[in-house]
Amino acid sequence: MSDVLAVADHRRGELRDVSYEIITAGRQLADETGGDLHLAVISGTVDDFAEKLNREGVDAIHTVSHGEEFNHDVYTQAITQLYDELAPQFVLTPNSVNGLDYAPAVAKALDLPVVTDTVGLETDGDTLVATREMYGGKVETTNELSGEAVATIRGAEWPAAEGTGDASVEAFDADIDEDAVGSTVTGFEEVGGGDVDISEADVLVSVGRGIEEEDNLPLIEELADALDATISSSRPIVDNGWLPKNRQVGQSGKVVTPDVYIAIGISGAVQHVAGMKGSDTIVAINTDPNAPIMDIADYAIHDDLFDVVPALTEEFQ
Amino acid sequence: MKILVTVKEVATVEDEFEIEGTAIADQYLGADLNEWDDYAIEEAVQLQEDGIADEVVTVTIGPEDCEQTIRQALAKGADRAVRIWDDSLEGVDLLDVNAKTEILSAVIEEEDPDLVLTGVQAGDDSFGATGVSVAEHLGYQWGAVVNHLEHDLDDGVASVRRELEGGVEELTDVELPAVLTIQTGINEPRYASLRGIRQAQRKPLDVQGLDDLGVDDSAVDSDLELTDMYEPESESDVTVWEGGAEETAAELGDLLRDKGVAP
Ligand SMILES: Cc1cc2nc3c(=O)[nH]c(=O)nc-3n(C[C@H](O)[C@H](O)[C@H](O)COP(=O)(O)OP(=O)(O)OC[C@H]3O[C@@H](n4cnc5c(N)ncnc54)[C@H](O)[C@@H]3O)c2cc1C
């Protein structure tokens, strides 16, 4: 019997979607050997969170009331103590930015192996078989870890748990050593504001690293003009300072759902796809027929953007 | 203040490739300085130029082949480099997080830096876990996914911004010594100048084995075994438009008209 301890994610008073998805992932994994699913909710309004998370499949919810916002030292201490108390075989955390700020520390503190960004998990009770990508999604791999392990799960891979559950909710009295807390959150800031809101656009002409140089951007601008569309981009274009932050689509940028999303020279990394997969129709222009973007595209042109984009602009001039 | 930057040479894959066993066949692989590490190096060099750091040391786990990548970091301004390699690392498919942690921690203990900068992740295996794991192992403080660092580390505190999801940044103070995992976009990595490249040839590059570091061979026995690699099954029902650019552009034009979004 392999019990699972899963950890919920929340920020500024709101549970994040992955908190419900991790219930599904944890339930599936626990079911393979008839184990229990424990869910940990740490910091913030834990009782309110526990009520929301009490969905089908959770056996027990453990609340740790300590502070308002995420702090990796508090999380690491609380989870290692819960681990000692509950002795689960697997610890699951979201592969969120905060998940990556504590999961490796939890693994190290407990002297366990860690596998991150998993998209599939199985076990026979002894071994954890984790599926994950490498090389920006070009290949998938399976990885075996024997014994106990920590795994982080990719968001939006498992469906959200639904229904109303009958989990026991227990306050866990974690002994947090304040002296060991070496970092302090002093605030939050929203970035990427400004005059353009790409999430409002009907048609997005989105440009990626395939454009090669800033000097080539007018090609995209001309197309957007001809189509009366809005320009957005993948991250490297913003990192390079070629477009402002408010144009970035993806995990750390904006989530967009236009009628048509034209991805030009964008490979389709998971963090990019997180921001545009809800688009009505996705068109990819990419020289690489194996680029991960092809998995979610409705239409594709496997050709050089420097040929296709001017031809398309011409169509509408 | 001394800064240590972990630098990895990552494998890059050509558009068309084949898999042999649990790896991509050699002839389809290239090598490059890890994108995230490039930003970490730049941040360290800028801290030095701002008079905050006195020394920037890079550390790399890798065979002799990757010295070119290490020289790149030196050409950009790092002072010296440490490269770790050992026969026992030869032929290891995938070095897991714990193995990397053991090795890097041994170097960090020896070097005793005030600040360690790593990339958020390596572009090839994308674990994104080594920096935080090292910090916990050594009792350093840490911050993951840092996209801004205040260049004022006076009172033993690093004021950083952590890039969270959805355009939100967290402002955090981290006590030193600390490990920060650096996100792309934190700065604009420079290109190495010709002078930098020449100087890099003369900068010290010290090679050490696991014995030299006092790391047991067993530390590299991976907890994680790569058992299969395959091209993901495509669930897509993508329509691929064939033909020359004029033809494919016309198809896309028709689609936009059909959808009623063409001007
Ligand atoms: C914590 C974290 C957060 C992140 N957040 C985001 C985010 O919010 N948004 C985001 O986009 N990324 C994000 N990333 C980065 C992401 O992992 C990828 O690195 C990035 O999306 C890659 O951008 P790209 O597709 O433009 O570039 P690449 O992956 O380099 O792809 C370029 C593509 O262009 C194609 N190409 C090249 N030349 C041509 C040509 N002449 N004609 C046609 N096609 C061509 C290539 O085949 C390739 O597919 C994040 C990463 C991390 C770790």
Side-chain angles (χ1 to χ4, degrees), chain A residues 11 96-97 100-101 104-105 107-109 113-117 134-136 138-145 182-192 202-203 227-228 238-239 241 251-254 259-260 281 283 288 290 294-303 307-308 311-312 315-316, chain B residues 13 15 19 24 96-98 101 123-129 132-133 135-137 141 143-145 162-165 167-175 184-185 188 223-232 234-236 238-241 245-246 248-250 252-253 255-256 259 261-263:
Chain A
R11 193 164 78 206
S96 56
V97 172
L100 288 175
D101 200 38
K108 194 76 243 171
V114 59
V115 57
T116 58
D117 205 16
M134 275 176 66
Y135 304 113
K138 283 191 176 183
V139 301
E140 221 164 76
T141 63
T142 53
N143 306 268
E144 294 190 6
L145 300 89
S183 66
T184 319
V185 177
T186 59
F188 292 94
E189 200 172 297
E190 312 260 353
V191 294
D202 297 328
V203 181
L227 290 176
D228 208 4
V238 173
D239 282 345
Q251 170 184 309
S252 44
K254 288 254 167 59
D259 295 336
V260 181
T281 300
V283 182
D288 179 4
N290 296 318
M294 298 305 163
D295 287 344
I296 56 152
D298 300 293
Y299 299 91
I301 299 172
H302 297 161
D303 202 352
D307 296 329
V308 178
L312 187 59
E315 277 268 315
F316 290 94
Chain B
V13 185
D15 287 357
I19 295 168
I24 290 181
D96 86 327
V97 175
N98 281 337
T101 300
D124 48 9
D125 56 25
S126 306
F127 275 104
V132 171
S133 178
E136 170 67 27
H137 191 53
Q141 303 301 328
V145 193
R162 294 181 55 234
E163 179 193 87
L164 305 179
E165 292 86 356
V168 177
E169 296 181 351
E170 180 200 273
L171 284 67
T172 305
D173 288 342
V174 184
E175 288 168 17
T184 59
E188 273 185 55
D223 291 322
L224 180 145
E225 192 192 349
L226 189 65
T227 51
D228 199 7
M229 179 181 287
Y230 48 91
E231 288 192 52
S234 174
E235 293 146 26
S236 90
V238 59
T239 303
V240 180
W241 289 315
E246 268 79 36
T248 54
L252 177 46
L255 176 83
L256 296 172
K259 298 273 169 198
V261 294

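Heavy-atom basis, side chains included; hydrogens, waters and symmetry copies ignored. Just so we're on the same page: letters track the sequence lines, and every chain starts at 1. Given the structure is predicted, the values throughout are model-derived calculations rather than measurements.
- Using a 4.5 Å cut-off on side-chain heavy atoms (C-beta onward), A:Ser183 and B:Thr172 make contact.
- Heavy-atom distances place both the backbone and the side chain of A:Ser96 under 4.5 Å from chain B.
- Between the side chain of B:Glu246 and the main chain of A:Ala311, no donor-acceptor pair closer than 3.5 Å is present.
- Side-chain contact between B:Glu163 and A:Val97: absent, with no pair of heavy atoms (C-beta onward) separated by less than 4.5 Å.
- For chain B, the option among A:Leu227, A:Thr186, A:Thr142 with the highest count of heavy-atom pairs below 4.5 Å is A:Thr142.
- B:Asp15 is listed as a side-chain neighbour of A:Lys138, based on a closest heavy-atom distance under 4.5 Å.
- For A:Phe316, the ring pair (Phe, Tyr, Trp, His ring centres under 6.0 Å) criterion is met by no residue, not counting sequence neighbours.
- With chain B as partner, the option from A:Val185, A:Asp117, A:Val115, A:Asp307 having the largest number of non-hydrogen pairs under 4.5 angstrom is A:Val185.
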### Task
Apply the test side-chain contact (heavy atoms from CB on, under 4.5 Å) to residues A:Arg11 and B:Glu170: give CA-CA distance (whole Å), side-chain angles for both, the deciding distance (0.1 Å), then the verdict.
CA-CA 11 Å; A:Arg11 193 164 78 206; B:Glu170 180 200 273; over 6 Å; no
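- Of all the listed residues (A:Val238, A:Val308, A:Val191), the one sharing the greatest number of non-hydrogen pairs under 4.5 Å with chain B is A:Val191.
- Of all the listed residues (A:Asp101, A:Val203, A:Thr116), the one sharing the greatest number of non-hydrogen pairs under 4.5 Å with chain B is A:Asp101.
- When each of A:Ile301, A:Leu145, A:Asp303 is checked for heavy-atom pairs under 4.5 Å with chain B, A:Ile301 comes out on top.
- In this structure, chain B has a heavy atom under 4.5 Å from the side chain of A:Val260, while its backbone stays farther away.
- Remark: A:Asn290 engages A:Asp288, B:Glu16, B:Glu231 in a side-chain contact (heavy atoms from CB on, under 4.5 Å) (not counting sequence neighbours).
- For chain A, the nearby part of B:Val145 is the side chain; its heavy atoms alone come within less than 4.5 Å.
- For B:Val174, the parts sitting under 4.5 Å from any heavy atom of chain A are the backbone and the side chain alike.
- Looking at B:Ser133, its side chain never comes within 3.5 Å of a backbone N or O of A:Lys108 through a donor-acceptor pair.
- The shortest side-chain heavy-atom distance between B:Val132 and A:Leu100 does not fall under the 4.5 Å cut-off.
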